[in-house]
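Reading through the structure tokens given below for one structure.
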Amino acid sequence: MKYFLIGTDEKNRNPYNINKNRAVDIRMLTREGIRTLPRWNIIGMNLPDEGFFPDLICSPFILMSHSCIGTATMYQPDIIYRGVKLWDRDSGVNRTYYLSVLDELDCMSGQTQFNTVGNRITRLVLDRDRIGENAVFRIKGYNRYNKGCIAGRLDFVESLLRRGIEGITLEEAELV
């Protein structure tokens, strides 16, 4: 089975300064910690003129649109999430997203290559045996080196694309 790295397409005029009101404590974004958050939160952000709301926002935490979280929970029913309303105080524009906590798998292979400084992955290779049956997940240690957000199995990615998900990037990952 093939796997893809899925991220936010930064070429769009996406919302920025998300969580500028610090409504969500990032340290609480674990399986246990997210249960202490309210079911719905209002998170401040800034939206550029003619802004675009992608279906997946990777920073400062994983935010998924309704169709994106619905598809993810079809393939990975144990995903824990909370509703958030992104809100730009100046313009009054808002959008509903779901703050998601995905499993973080230690699935990078020993064949993964880093640049000479060691602060950027130049070739990501995933270990198929460590992934198991997971359809959507985060890669442990990957986000601190690269801007990738989540990884998804081919059937999950195809399902997203059939639903018209917008504003994402896809890159096929190598497997051993």
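Just the heavy atoms: all of them, side chains too, but no hydrogens, waters or symmetry mates, feed the values below. Start at 1 with the first residue, then count along the sequence.
- Two residues are said to be in side-chain contact when any heavy atoms from C-beta on lie closer than 4.5 Å; Phe53 and Leu47 meet this criterion.
- Of the charged side-chain nitrogens involved, none lies within less than 4.0 Å of a carboxylate oxygen, so that Asp9 and Lys11 do not count as a salt-bridged pair.
- Taking hydrophobic clusters as Ile, Leu, Val, Met, Phe, Trp and Tyr residues chained together by side-chain heavy-atom distances below 4.5 Å, Phe52 does not share a cluster with Tyr97.
- Heavy-atom contacts from other residues, nucleotides or ligands closer than 6.0 Å to CD of Glu133 number 12 or fewer.
- The closest side-chain heavy-atom distance from Asn46 to Pro15 is not below 4.5 Å.
- Between Thr169 and Thr8, every side-chain heavy-atom pair lies at or beyond the 4.5 Å cut-off.
- Note that the CG atom of Leu102 and the CG atom of Asn134 stand 10.0 Å from one another [nearest 0.5 Å].
- Nearest approach of Met1 to Arg128, heavy atoms of both residues: N-NH1, 3.6 Å.
- Looking only at distances, a side-chain donor or acceptor of Thr71 sits under 3.5 Å from a matching main-chain atom of Ser67.
- Of all the heavy atoms in Cys58 and Gly7, the pair that sits closest is SG-CA, 3.9 Å.
- Looking only at side-chain heavy atoms (C-beta outward), Ile57 and Ile62 stay at 4.5 Å or farther from each other.
- Taking the six-membered ring where tryptophan is involved, the planes of Tyr81 and Tyr98 are perpendicular, since the angle between them exceeds 60° and thus also 30°.
- In terms of hydrophobic clustering, with Ile, Leu, Val, Met, Phe, Trp and Tyr side chains grouped at heavy-atom distances under 4.5 Å, Val84 and Ile69 are assigned to different clusters.
- Note that CH2 of Trp40 and NZ of Lys85 are 6.5 Å apart. Values are rounded to the nearest 0.5 Å.
- With sequence neighbours left out, the side chain to side chain contact (heavy atoms under 4.5 Å, CB included) criterion links Ser91 to Asp88, Val93.
- The minimum heavy-atom distance linking Leu99 with Leu63 is given by the pair CA-CD2, 3.8 Å.
- Without hydrogens or angle criteria, Asn21 side chain to Gly44 main chain gives a donor-acceptor distance under 3.5 Å.
- With Arg13 contributing its side chain and Asp49 its backbone, the two residues share a donor-acceptor pair below 3.5 Å.
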Q: Give the C-alpha distance, both sets of side-chain angles, the deciding distance and a yes or no for side chain to side chain contact (heavy atoms under 4.5 Å, CB included) between Phe61 and Ile43.
A: CA-CA 12 Å; Phe61 31 72; Ile43 298 177; 4.0 Å; yes

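- By the rule that hydrophobic residues join a cluster once side-chain heavy atoms approach within less than 4.5 Å of another member, Val101 and Leu86 end up as members of one cluster.
- Within the 3.5 Å criterion, the main-chain N or O of Ser65 finds no donor-acceptor partner in the side chain of Arg95.
- Taking CD1 of Ile18 as the start and OG of Ser59 as the end, the distance is 7.0 Å to the nearest 0.5 Å.
- Hydrophobic clustering (ILVMFWY, side-chain heavy atoms < 4.5 Å, transitive): Leu29 and Met45 are in one cluster.
- Here CH2 of Trp87 is found 14.0 Å from OG1 of Thr96. Values are rounded to the nearest 0.5 Å.
- Proximity of a side-chain donor or acceptor of Asp25 to a complementary backbone N or O of Arg27 within less than 3.5 Å is detected.
- Remark: Arg123 engages Glu174 in a salt bridge (Lys or Arg N to Asp or Glu O under 4.0 Å) (not counting sequence neighbours).
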Q) Yes or no on side chain to side chain contact (heavy atoms under 4.5 Å, CB included) for Glu172 and Lys2, after CA distance, side-chain angles and deciding distance? A) CA-CA 7 Å; Glu172 188 173 350; Lys2 292 183 180 181; 3.3 Å; yes

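- Atom-to-atom distance recorded for Phe156:CZ and Gln76:CD is 9.0 Å, nearest 0.5 angstrom.
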Q.
Let's go through Leu124 and Leu5 carefully: what are the C-alpha distance in whole Å and the side-chain angles of both, what is the deciding distance for side chain to side chain contact (heavy atoms under 4.5 Å, CB included) to 0.1 Å, and is it a yes or a no?
A. CA-CA 10 Å; Leu124 175 67; Leu5 300 174; 3.7 Å; yes

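- Both Ile168 and Tyr75 are members of a single hydrophobic cluster when ILVMFWY side chains are connected at heavy-atom separations under 4.5 Å.
- The closest side-chain heavy-atom distance from Leu161 to Val157 is below 4.5 Å.
- Proximity of Phe137 to Glu104: side-chain heavy atoms (C-beta onward) are nowhere separated by under 4.5 Å.
- Here the side chains of Tyr3 and Leu175 are in contact, with some heavy-atom distance below 4.5 Å.
- Between Arg31 and Asp103, at least one side-chain nitrogen of the basic residue sits less than 4.0 Å from a carboxylate oxygen of the acidic one, meeting the salt-bridge criterion.
- Annotation: the span from Met108 atom CE to Asp127 atom CG amounts to 11.5 Å, rounded to 0.5 Å.
- Counting only distance, with no hydrogens or angles, the side chain of Asn19 and the backbone of Val24 share a donor-acceptor pair below 3.5 Å.
- Side-chain atoms of Ser109 come within 3.5 Å of backbone atoms of Gln111 as a donor-acceptor pair (strictly under, hydrogens ignored).
- Pairing each heavy atom of Ala23 with each of Ile42, the nearest pair is CB-O, 3.3 Å.
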Q | Derivation of the side chain to side chain contact (heavy atoms under 4.5 Å, CB included) call for Met74 and Ser159 | A | CA-CA 10 Å; Met74 282 191 323; Ser159 189; 4.0 Å; yes

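- Considering only heavy atoms from C-beta on, Met64 comes within 4.5 Å of Leu56 through its side chain.
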